[in-house]
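Read the structure below first, then the notes.
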Amino acid sequence: MKILDKVNYPQDVKKLNLKELTQLAQEIRELIIEVVSKNGGHLAPSLGVVELTLALLKVFDPAFDRLIWDVGHQAYAYKILTGRKNRFHTLRKLGGISGFPKPEESPFDYFGVGHSSTSISAALGMAVARDLLKNSNKVVAIIGDGSMTAGLSYEGLNQAGGLGKDLVVILNDNEMSISKNVGALSSFLSRKLSSQWMIKFKKEVENFFKQIPKIGEDLLNYAKKSEDSLKSFFTPGILFEAFKFNYIGPVDGHKLDTLIDVFDQVKKLDVPVLIHVLTKKGKGYLPAEKNPTYFHGVGCFEPETGKATKIAGCNIPTYTEVFGNTLCELARKDSKIVAITAAMPEGTGLNKFAEEFPDRFFDVGICEQHAVTFAAGLAKEGFKPVVAIYSTFLQRAYDQIVHDVCLQNLPVVFCLDRGGLVGEDGPTHHGVFDLSYLSHIPNLILTAPKDEAELQLLLYTGLKSRRPFVLRYPRGRGVGVDLSNNFQELPIGEGELLKQGKDALVLGVGSRVYPCLEALEEITDYDVGMYNLRFIKPITKNLKEIIQNYDKLIVVEENVLIGGAGSIILDYLYTYNLLDKVNILKIGLPDRFIEHGSQAELRRKYLIDKEGIKKQILNFLRSC
Ligand SMILES: Cc1ncc(C[n+]2csc(CCOP(=O)(O)OP(=O)(O)O)c2C)c(N)n1
Ligand SMILES: CC(=O)[C@@H](O)[C@H](O)COP(=O)(O)O
Ligand SMILES: [Mg+2]
């Protein structure tokens, strides 16, 4: 019988002895590999913290203590052991369990996460609340070394140390972000002292002092007393002790007995403690251990080999690939082009640029705010920075876009991948707000290519414009059009009429243009025109002429309706006193957080796929 068969909740874990826990770790890994090989997901991060999770649940009680995972992409074992073992096969499926801790899903998921580096601040808030309420629960934040590169983490550490609160921070250090971790902190953290080195060093110091006549013994005793401070000078402890955290570590994150002992000791303390745990990303599954970057967030694969189970016959490039290749092509002819990512070179497609132009590529770590202002500094000096950050993660750098780039009208090009519904990552990751949070910023040019070829032209245009310029494009493959090989600038603020029609005009945005065209092909009762609204800002300057013959307009976008392209068109009609002459339908996403599921399922459910668009257009035209 499997140990896992008799384990459903943390209280079941507490009953297990070391041997049973070790067996359970193996069984949990097998379950995670089996399910993720079918559903996709964050395999390597989750495999790396199985022992850490077991030790946490052995010592702490998540029904009483607050356990806050940072990002939460590594919490699969935690989900399995907190009542969701029997639903784990629904991971990231529409209607299934989320790939991230989600309070609506379980009380054990105490705080919602998905964007990195929030755990320490949230945990500190809970610790302060606990003390104000005179409660006695422990509060534990579990944060990775990559997430520790974000400034927000230090804001939390700083206040926590200042307040001196009873707070536990567990630093899960696997020396990896998605790619190899970057920055001074990463190299500082990996200054791990091998115990052999320390023992040899101490022996030599002892022998040295013993040779000193008369005072040697006293010096040796003094040295022994100061050994701890000497040691902390060499270990990363010195950094965290500067924040008034009591540093413990580094601890082997796969040795269950050690972890349980350390957690038991720490549980008795009532001061800020940081436990530095060393783990291996992908632990226990060789393909993931060998390639933790690929297996950080992976699609379906064959468990036996780790090989991706490819979607048959699909060789259309992704928007990401087209962006990365095109930027390399442009950078070969323009040495002023530099590229910036916030810890996501592979995800944004900048990995090829990094290989070809290592001196002009910058991975700043999970530091989106810094990335934007760093780009502004480069732009100020005449460079042409391209900042590639997912739409959802750029939300974190809103003020830097306003204050450091647009107000100074600096030529920074922002490439927002994952613009629109992203699918299985769900509400924390859907890039469905960018048209709303960017379109009101003065000086900013905001665009959405209808296909991968237009992405190339807009990227070229953006770099030529020497203006703050945004391209937003969807997760996934292009539509399969031929790519451009001779770039020409697109006129700023001009869209393109794709189809004549006399009864109504559809204004499509980005990824929705082709589904709109396909929908119009099936609408035979009406003669509906189609316009590609490739510039959301500045709105098409001759729009008045374009729409003057229509009394019905339909705007279609993969963005929330509030503040999106449809709102901008409404403002436009209001400004030119056209509101009473035109009936307008806005098709987009509702004022709510969209759940996880496949991109196709979600687009279908929220009526922004071809069928949904067709249905909404017909209902609208019939009602007019
Ligand atoms: C604000 C933000 N930027 C980027 C990401 C994308 N992201 C998710 S996990 C991750 C790396 C996290 O590294 P680490 O904290 O060390 O966790 P590990 O995967 O190594 O367990 C990144 C960059 C994110 N979730 N949030
Ligand atoms: C956990 C996290 O935030 C990233 O791993 C994200 O899931 C990557 O998304 P893509 O899979 O779209 O690159
Ligand atoms: Mg890491």
Side-chain angles (χ1 to χ4, degrees), residues 40-50 52-53 69-77 92 98-101 113-120 141-153 170-183 185-186 189-190 253 276-283 288 292-299 318-320 341-351 363-371 388-397 416-431 473-476 596 598-599:
H42 291 94
L43 182 71
S46 287
L47 292 177
V49 297
V50 172
L52 174 54
T53 306
W69 291 92
D70 201 283
V71 182
H73 62 314
Q74 75 285 65
Y76 293 176
R92 295 161 51 98
S98 164
F100 299 92
V113 286
H115 284 199
S116 85
S117 319
T118 61
S119 62
I120 298 173
I142 309 104
I143 183 168
D145 55 311
S147 302
M148 197 54 113
T149 59
L152 181 56
S153 297
I170 297 174
L171 172 56
N172 170 36
D173 181 4
N174 53 24
E175 298 187 303
M176 293 294 294
S177 187
I178 293 180
S179 323
K180 194 93 184 78
N181 204 358
V182 295
L185 171 83
S186 170
L189 282 178
S190 57
H276 183 190
V277 174
L278 303 181
T279 63
K280 183 163 189 56
K281 198 162 182 175
K283 177 83 176 174
T293 299
Y294 175 78
F295 283 94
H296 168 87
V298 67
T318 62
Y319 280 92
T320 307
T341 177
M344 303 191 79
E346 290 80 11
T348 58
L350 284 181
N351 44 333
D363 179 352
V364 299
I366 311 180
C367 306
E368 287 83 3
Q369 294 173 313
H370 164 64
I389 296 180
Y390 289 10
S391 166
T392 188
F393 300 141
L394 189 69
Q395 290 163 185
R396 190 166 272 197
L416 275 57
D417 202 333
R418 279 54 173 191
L421 292 170
V422 296
E424 289 80 1
D425 273 347
T428 52
H429 285 62
H430 292 318
Y473 45 90
R475 184 178 200 269
H596 66 268
S598 76
Q599 239 180 3

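Counting starts at 1 for both ligands and their atoms, following the listed order.
Given atom 4 (C) of ligand 2, the protein heavy atom at minimum distance is His42 NE2, 3.8 Å. Closest to atom 15 (O) of ligand 1 among all protein heavy atoms lies Ser147 OG, 2.6 Å. Looking from atom 3 (O) of ligand 2 to the surrounding protein, the closest heavy atom is His429 NE2, 2.6 Å. Of the protein's non-hydrogen atoms, Ser116 N, 2.9 Å is the one closest to atom 26 (N) of ligand 1. Ile366 CD1, 3.5 Å is the protein heavy atom nearest to atom 23 (C) of ligand 1. Scanning the protein heavy atoms around atom 10 (C) of ligand 1, the nearest turns out to be Ile178 CG1, 3.7 Å. Protein heavy atom nearest atom 10 (P) of ligand 2, with residue, atom name and distance: Arg418 NH2, 3.5 Å. Here the heavy atom of the protein found nearest to atom 8 (C) of ligand 1 is Val71 CG1, 4.1 Å. Here the heavy atom of the protein found nearest to atom 3 (N) of ligand 1 is Glu368 OE2, 2.7 Å. If you check which protein heavy atom lies closest to atom 11 (O) of ligand 2, you get Arg475 NH2, 2.9 Å. Counting protein heavy atoms only, atom 7 (O) of ligand 2 is closest to Asp425 OD2, 2.5 Å. Ranking protein heavy atoms by distance to atom 13 (O) of ligand 1, first place goes to Ser177 CA, 3.4 Å.
Side chains of Ser186 and Glu175 form no contact here, defined as non-hydrogen atoms less than 4.5 Å apart. Residues Met148 and Asp173 fail the side-chain proximity criterion, which asks for heavy atoms closer than 4.5 Å. Between Arg418 and Asp425, every side-chain heavy-atom pair lies at or beyond the 4.5 Å cut-off. Side-chain contact between Val113 and Val71 is absent, with no heavy atoms from C-beta onward closer than 4.5 Å. In this structure, Trp69 and Thr53 have side chains that are in contact, with non-hydrogen atoms separated by less than 4.5 Å. Between Phe295 and Leu47 the shortest side-chain heavy-atom distance does not fall below 4.5 Å. Residues Ser153 and Ile143 meet the side-chain proximity criterion, which asks for heavy atoms closer than 4.5 Å. For the pair Ser119 and Ile142, the minimum side-chain heavy-atom distance is 4.5 Å or more.
Classified by interplanar angle (parallel below 30°, tilted 30° to 60°, perpendicular above 60°), the ring pair His42/Phe100 is tilted.
Counting the atoms of ligand 2 from 1 in the order shown, those under 4.0 Å from a heavy atom of His73 are 1 (C). Interface of His296 with ligand 1, defined as ligand atoms under 4.0 Å from a residue heavy atom, comprises 9 (S), 19 (O). Residue-ligand proximity, Gly144 to ligand 1, at heavy-atom distances under 4.0 Å covers atoms 14 (P), 15 (O), 16 (O). Counting atoms of ligand 1 from 1 in the listed order, those under 4.0 Å from a heavy atom of Lys281 are 18 (P), 19 (O), 20 (O). Of all atoms in ligand 1, listed by their number and element, those nearer than 4.0 Å to a heavy atom of Pro45 are 19 (O), 21 (O). Atoms of ligand 1 found under 4.0 Å from any heavy atom of Met344, numbered from 1 in the order shown, are 6 (C). If you number the atoms of ligand 1 from 1 as listed, the ones under 4.0 Å from a heavy atom of Gly146 come out as 13 (O), 14 (P), 15 (O), 16 (O). Ligand-side atoms of ligand 2 in range of Phe393: 3 (O), range being under 4.0 angstrom from any heavy atom.
Side-chain atoms of Gln599 come within 3.5 Å of backbone N or O of Leu421 as a donor-acceptor pair. Panel note: side chain Gln369, backbone Arg396; a donor-acceptor pair is recorded below 3.5 Å. Without hydrogens or angle criteria, Asp145 side chain to Met176 main chain gives a donor-acceptor distance under 3.5 Å. The backbone N or O of Gly72 sits less than 3.5 Å from a side-chain atom of Gln74, completing a donor-acceptor pair.
Scanning both residues, Gly253 and Thr279, for their nearest heavy atoms gives CA-CG2, 3.9 Å.
Contact analysis leaves Gly48 out of contact with ligand 1, as no non-hydrogen atom separation drops below 4.0 angstrom. Taking 4.0 Å as the cut-off, Gly114 counts as a neighbour of ligand 1 on heavy-atom distance. Residue contacts with ligand 1 leave out Gln74, since none of its heavy atoms falls under 4.0 Å from the ligand.
Residue contact annotation: Asn174 places an N/O/S atom under 2.8 Å from the Mg ion (ligand 3). Taking 2.8 Å as the criterion, Met176 counts as a coordinating residue of the Mg ion (ligand 3), since one of its N, O or S atoms falls below it.
Of the candidates Val422, Leu416, Thr341, Asp417, Tyr390 forms a side chain to side chain contact (heavy atoms under 4.5 Å, CB included) with just one, namely Asp417. Applying the side-chain hydrogen bond (donor to acceptor under 3.5 Å, both in side chains) test between His115 and each of Thr392, Asp70, Thr428 identifies Thr392 as the sole match.
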Would His429 and Phe393 count as a side chain to side chain contact (heavy atoms under 4.5 Å, CB included) here? Give the steps.
CA-CA 8 Å; His429 285 62; Phe393 300 141; 3.6 Å; yes

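With a 4.0 Å cut-off on non-hydrogen atoms, Arg396 touches ligand 1 through its side chain and not its backbone. With a 4.0 Å heavy-atom cut-off, ligand 1 is reached by the side chain of His73 but not by its N, CA, C or O. Residue contacts with ligand 1, taken as heavy atom pairs separated by less than 4.0 Å, involve Asn174 solely via side-chain atoms from C-beta onward.
Geometrically, ligand 1 and Ala342 share no nitrogen or oxygen pair separated by less than 3.5 Å. Between Tyr390 and ligand 2, a contact under 3.5 Å exists for at least one N or O pair. At a 3.5 angstrom cut-off on N or O pairs, Asp145 counts as close to ligand 1.
The Mg ion (ligand 3) is closest to atom OD1 of Asp145 (considering only N, O or S atoms).
Annotation: His73 is in aromatic contact with His296 [ring centroid separation under 6.0 Å].
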